[in-house]
2 protein chains.
Amino acid sequence: MKTDSPAIYADLKNKLMNARFGPGEKLKPASLQGEYGCSANTVRDVLLRLTKVGLVEFEMQRGFRAQYTSPEKRNDVTRFRSMLEQEGVTLSMKLGGISWEAELTAAHHRLSHLESEFERSGDLADNPDNMKLWTNAEWSFHDTLISRCGSPMLRDTYENVYGQFRQQMVAQESGFGRSYFSAIIHEHQAILDAALSRDVTACRAAINDHLKRNYTQAVALEAAV
Amino acid sequence: MKTDSPAIYADLKNKLMNARFGPGEKLKPASLQGEYGCSANTVRDVLLRLTKVGLVEFEMQRGFRAQYTSPEKRNDVTRFRSMLEQEGVTLSMKLGGISWEAELTAAHHRLSHLESEFERSGDLADNPDNMKLWTNAEWSFHDTLISRCGSPMLRDTYENVYGQFRQQMVAQESGFGRSYFSAIIHEHQAILDAALSRDVTACRAAINDHLKRNYTQAVALEAAV
DNA sequence: ATTCTGGAAAATTTCAAAATTTTTCCCTAT
DNA sequence: ATAGGGAAAAATTTTGAAATTTTCCAGAAT
């Protein structure tokens with residue numbers, strides 16, 4: 001028999017990022033095996049790989065759990081993401097050229113188009129397919145922001161942290177209503193403008209503003225000098 | 001039969017961090033299995049876990065490899081480490097109190113003692129046990145530096161990156177001779193002094209100075225504002 | 001000489017069951 | 001009642017082999 005573990009990986013990742021498992025819920029290979037028509041070991045294998053991107057928690061002899069969600073965890077993920085994105089975009093602004101500006105503008109255009117639509121009629125965001133479009137566009141914009149940082153490790157780490165950030169956000173169900181989109185439209189615009197005008201300070205501030213709704217703690221990770 | 005997979009994990013990790021495998025060398029479970037008297041799948045399991053800390057490279061259907069080493073990779077790891085450490089210590093300086101200063105002083109004392117000994121008689125560094133002592137002390141000092149940053153994610157990430165940094169360093173065989181220790185003694189001292197006097201700028205610079213021997217590229221990841 | 005093809009060899013993934021460990025829960029002793 | 005013990009149940013890890021995929025190489029065709 002042949003089972004498609006990439007598909008299992010993708011499906012589990014998707015479920016993890018969409019709060020289809022409760023916070024800290026136990027992920028038992030023997031149980032999930034039925035869902036996918038494969039052996040328990042295959043599920044174990046996939047879970048082990050999902051551990052690498054931080055979506056799954058693993059402890060020896062104690063199995064797997066969906067990542068816990070909590071205000072502390074959300075703070076931590078958000079601040080760390082903010083720090084990485086600020087550092088990454090600062091480098092991109094220094095190293096990126098015309099092609100970067102073009103890609104960034106394009107990514108922002110796709111994103112803002114969707115967000116404008118969602119702002120006009122909030123119902124659109126209820127459609128999972130539409131949300132997937134927005135999710136991809138949002139990721140693409142932020143990834144492009146740091147794409148010229150020149151550091152593969154920073155980029156890879158950012159990708160994992162971004163995924164965990166989304167995992168925490170979705171879990172807390174802070175709705176994606178019309179008001180949400182009308183707020184972030186301006187935030188994304190501010191980030192774009194600052195990036196294109198190579199204003200490091202403004203861009204750092206814009207990123208911080210964009211993310212600060214997601215953490216309550218006073219001190220930001222991007223320590224002021 | 002019962003096999004001790006924590007021991008296998010530890011042994012493989014140790015070998016990986018001490019260049020006992022060549023850069024990008026293939027890590028075949030079926031071959032390693034004999035070494036440890038366990039099944040191939042157990043090795044696979046361990047390798048998958050080592051993937052999480054970045055010591056092992058994994059690709060679907062294509063198996064495992066020891067991390068590649070190259071000037072580019074070394075640059076990347078070093079700059080990323082420098083960035084994380086600077087951010088972490090900046091936060092620690094802001095949030096850490098008396099207890100932090102005490103721990104940091106203690107960690108530095110243990111470290112500098114060893115380094116002084118190694119400087120006096122370079123032969124000491126040839127003894128693997130002594131090197132292990134130094135390695136632990138060095139890690140402890142740098143970990144303590146960022147220990148009050150308030151961000152578990154930053155700390156965990158730093159730990160992984162530090163491990164990969166060491167992996168790259170050892171691989172390139174840039175000897176740990178007497179001159180090496182006499183150089184870093186002052187660098188560690190400068191970091192300690194700046195940290196204790198809460199001089200953020202000086203501390204960032206000291207960390208950069210400490211690491212800059214390990215990268216050739218002009219642009220540092222810690223982007224100037 | 002170079003590229004293409006087929007199939008054998010090697011390596012990786014998957015399976016299902018056995019061995020081990022952890023957890024649960026009921027019974028007993030204080 | 002409550003804490004402690006211990007066996008049964010559940011979950012995790014490990015195994016050895018089968019199934020699948022990739023790699024390698026010799027021979028044929030261009």
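Here is the naming used below: chain letters follow the sequence lines, and residue numbers restart at 1 for every chain.
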Tell me, please, which residues at least two apart from [X] pass salt bridge (Lys or Arg N to Asp or Glu O under 4.0 Å).
{"X": "A:Arg74", "value": "none"}
{"X": "A:Lys15", "value": "A:Asp11, A:Glu35"}
{"X": "A:Arg213", "value": "A:Glu187"}
{"X": "A:Glu159", "value": "none"}

If you take atom types as modelled and just measure distance, does the side chain of B:Asn41 reach the base of C:dT14 with a donor-acceptor pair under 3.5 Å? yes

Enumerate, atom names and distances included, each donor-acceptor pair closer than 3.5 Å involving a side-chain atom of residues 18-28 of chain B, sequence neighbours excluded.
from: B:Glu25; atom 1: OE1; to: B:Gly22; atom 2: N; distance (Å): 2.7
from: B:Lys26; atom 1: NZ; to: B:Arg62; atom 2: O; distance (Å): 3.3

Please identify each residue that fulfils side-chain hydrogen bond (donor to acceptor under 3.5 Å, both in side chains) with B:Arg166, with sequence neighbours left out. B:Glu138, B:Tyr162

Using a cut-off of strictly less than 4.0 Å between a heavy atom of the residue and any atom of DNA chain D, enumerate the qualifying residues of residues 46-58 of chain A by number. A:Phe58

Would you please confirm or rule out a distance under 4.0 Å between OP1 or OP2 of C:dA10 and any side-chain N or O of B:Lys26? no

Could you check how far CD of B:Gln61 sits from P of C:dA11, rounded to whole Å? 15 Å

Find the distance B:Arg62:CZ to D:dT21:C1' and express it as a whole number of Å. 10 Å

With sequence neighbours excluded, give me every ring-ring contact (aromatic ring centres under 6.0 Å, His included) pair touching residues 40-63 of chain A. A:Phe58-A:Phe64

What parts of residues 27-35 of chain A reach DNA chain C, counting only heavy atoms under 4.0 Å away? none

